[in-house]
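Below is one structure, written out as structure tokens; comments come after it.
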Amino acid sequence: MASLIPPATEAEARAIQQALRTQVDTTGPGPQRPATVAGLDVAYAKDERTLAAAVVLLDFATHEVLAESTATGVPAFDYIPGLFAFRELPTLLTALSRLPATPDLLVVDGHGLAHPHRFGLACHLGVLTGLPVFGVGKTRLIGTAAEPGPDRGAHSDLVDEGELVGRVLRTRPGVKPVYVSVGHRIDLDTACAHTLALTPSYRLPETTRAADQACRRALAAG
DNA sequence: GCGACAG
DNA sequence: ATCTTGTCGC
């Protein structure tokens, strides 16, 4: 079955990506006015032997925290750029299953289509859950892009192999931009608009910030 | 062969 | 990812 997680080998992981990538929905447009949005993130122990995942549900308009869930586990796969999703997905899915509500939209740390095989964590999570998802990465995995202008909202296309795979978006004036890409059931314009809506004060989305804090707390707690 | 390489 | 708090600068 294609949803095997974790895969036993690198070859198996690549085969799973290959099988699931056909199920990604990039038609969008996705929720324009979601009532809720959830951020997901993972924190590792110093030795990377254990990890804690967190999902934090926010009111999309006010950014108020509505619910939160966590899970601890072990990395399910070696860290290999391009196969990164297999490492965190199991624990992330456990945490998500514990959330007492279904989010209208998911925002993940990392990339979606801005991936060597167009199937980053945001796509993988989207296909597995069926929910609208987009990714906001802090650094580039693949592709080339011009430096966006200095103003908040300035952006440039992230292109790989002649394909538009995402957008480099400035969320804070004069601050290093983020990498936005489609995961599942949403389009790039909508994902970028939501990213700006979620970054009123900081470089990273409020969803990511809340999830980051939550998983660090969960890791410290045990 | 030499870099690059989400978290 | 993690090692790491307060501090210099706009």
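In what follows, chains carry the letters A, B, and so on, assigned in the order in which the sequence lines appear, proteins first and then strands, with residues in each chain numbered from 1.
- Electrostatic pairing of D160(A) and R118(A) counts as a salt bridge here, judged by a charged N lying under 4.0 Å from a carboxylate O.
- Ion pairing between R167(A) and D189(A) holds under the 4.0 Å rule for side-chain N and carboxylate O.
- Once you apply a 4.0 Å limit to the heavy atoms of chain A, the touched nucleotides of DNA chain C run 5' to 3' over dA1(C) to dC3(C).
- A salt bridge between R170(A) and E147(A) is present, with a side-chain N of the basic residue lying under 4.0 Å from a carboxylate O of the acidic one.
- Ring geometry for F86(A) versus H124(A): interplanar angle over 60°, hence perpendicular rather than tilted (30 to 60°).
- Between F134(A) and V107(A), the closest side-chain pair of non-hydrogen atoms falls below 4.5 Å.
- Under the 3.5 Å distance criterion, with hydrogens and angles disregarded, no donor-acceptor pair is assigned to the side chains of Y79(A) and E88(A).
- Salt bridge status for R87(A) with E48(A): present, with a side-chain N to carboxylate O gap under 4.0 Å.
- Remark: the R185(A) side chain and the T27(A) side chain contain no N/O donor-acceptor pair separated by less than 3.5 Å.
- In the hydrophobic cluster analysis, where Ile, Leu, Val, Met, Phe, Trp and Tyr join through side-chain heavy atoms closer than 4.5 angstrom, V133(A) is grouped together with L99(A).
- Ring centers of H194(A) and F60(A): under 6.0 Å apart, within the cut-off.
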Going 5' to 3' through nucleotides 1-7 of chain B and flagging B where a protein heavy-atom sits under 4.0 Å of the base, S where only the sugar-phosphate is that close, and - otherwise, we get ---SSBB
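- For DNA chain B, no stem formed by at least three consecutive Watson-Crick or G-U pairs, with both atom-pair distances below 3.5 Å, is detected.
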